[in-house]
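Working notes, beginning with the structure itself.
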Amino acid sequence: MEKKVSKIGVLTSGGDSPGMNAAIRAVVRTGNYHGLEVFGIMRGYQGLLEDDIFRMENRSVANIIQRGGTILKTARCKEFRTPEGRDRAYQVLKGRGIDGLVIIGGDGSFRGAVEFSAEYDIPCIGLAGTIDKDIAGTDFTIGFDTAVNTAVEAIDKIRDTADAHDRLFIIEVMGRDAGYIALHSGIACGAENILIPEQKTDIEAVVQSLQEKERRKKLVNLIVVAEGDEFGGANEVAKVIKERLPNIETRVAILGHIQRGGAPTCLDRLIASRMGYHAVESLIHGRHNVFVGITNNRMNYIPLEQVHKKKGKISPEWMKIVKILAS
Ligand code: F6P
């Protein structure tokens with residue numbers, strides 16, 4: 001028989017992402033609706049180890065659905081990766097009578113939850129909060145849509161300058177292991193080339209395509225590079241291009257952390273609300289130690305131990321589209 005939960009904790013862990021607040025709000029309000037006691041845990045697993053925990057009522061999450069960042073703050077916690085750290089976390093939760101956890105974060109945060117839920121009788125539910133969209137088993141992650149729209153807005157502005165000066169801009173977007181932000185924003189902004197970690201960068205092909213465009217007097221060019229591209233990011237790509245094509249005026253723009261902040265888009269608020277609601281429903285109905293994703297517009301529950309980083313899965317057709325549309 002599954003254990004009934006009565007007191008649940010919610011935390012955000014790893015890099016923040018826009019929409020985390022909407023997810024916290026959904027967890028708190030759904031929990032309270034079902035008569036559970038809901039506790040906010042500050043700074044992810046770090047706050048859990050330090051017993052930095054407080055009771056959350058419906059009013060605690062008023063006026064946050066539209067805010068980026070996370071009211072619970074976030075951290076990356078090395079100690080939770082050790083058996084001693086997890087034991088301390090368990091003692092803290094036991095002491096407070098908390099018998100269920102909702103973890104909003106990326107794959108690193110879930111790895112901690114996998115070990116913890118295997119060792120102790122505290123069910124854990126994972127919600128994918130990451131701008132990288134690099135978790136298998138869900139079509140959406142909380143924050144990706146906002147991040148990619150932020151990137152699109154910034155790249156459109158850069159295009160104005162590229163156009164005014166007939167320049168090549170090499171724009172670096174976030175994505176250490178995943179190229180989704182680069183791919184989506186690059187296509188949406190009409191980039192000539194998109195360089196992503198999932199694909200080996202053929203710098204010679206990039207140079208040749210620019211040479212060919214130079215011959216055709218197509219002088220406004222945008223190249224979007226994911227920070228984790230194996231060639232080494234926008235500055236490295238620029239070095240080669242400046243050397244090989246000195247006549248092309250080239251600039252680098254690194255978008256950086258602006259992609260992590262800001263008001264979440266409607267889509268991010270929506271999926272965060274839906275996932276937060278289903279996280280609590282899962283705890284109540286004994287669907288424990290799962291990650292809640294959305295696939296083909298249906299909720300998808302994957303055992304936490306099967307959750308993994310989505311790697312190398314970008315279809316070659318996308319690259320064909322980039323090439324054809326940039327001609
Ligand atoms: O995982 C989200 C992410 O923004 C990555 O795209 C990026 O590589 C990383 O976090 C940056 O982390 P930090 O804020 O710790 O530098």
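As the structure lists them, so they are numbered: ligands from 1, and atoms in each ligand from 1.
- Using cut-offs of 30° and 60° for the angle between ring planes, the Tyr120 and Phe116 rings count as tilted.
- Residues Leu72 and Ile64 share a single hydrophobic cluster, defined by chaining ILVMFWY side chains whose heavy atoms lie under 4.5 Å apart.
- Under a 4.0 Å N-O distance rule, the pair Arg260/Asp16 qualifies as a salt bridge.
- Note: Phe80 and Tyr45 have parallel aromatic rings, judged against thresholds of 30 and 60 degrees for the angle between ring planes.
- When every heavy atom of Ile71 is checked against every heavy atom of Met56, the shortest pair comes out as CD1-CE, 3.9 Å.
- When all heavy atoms of Ile103 and Ala113 are compared, the pair lying nearest together is CD1-CB, 3.6 Å.
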Check ligand 1 for N or O atoms under 3.5 Å from a protein N or O and list each pair with its distance.
| unit_1 | atom_1 | unit_2 | atom_2 | d |
| --- | --- | --- | --- | --- |
| ligand 1 | 1 (O) | Asp132 | OD2 | 2.8 |
| ligand 1 | 4 (O) | Arg260 | NH1 | 2.8 |
| ligand 1 | 6 (O) | Asp132 | OD1 | 2.7 |
| ligand 1 | 6 (O) | Asp132 | OD2 | 3.4 |
| ligand 1 | 6 (O) | Gly175 | N | 3.2 |
| ligand 1 | 6 (O) | Glu227 | OE2 | 3.4 |
| ligand 1 | 8 (O) | Glu227 | OE2 | 2.4 |
| ligand 1 | 10 (O) | Arg260 | NH1 | 3.1 |
| ligand 1 | 14 (O) | His257 | NE2 | 2.8 |
| ligand 1 | 14 (O) | Arg260 | NH1 | 3.0 |
| ligand 1 | 14 (O) | Arg260 | NH2 | 3.1 |
| ligand 1 | 15 (O) | Arg76 | NH1 | 2.6 |

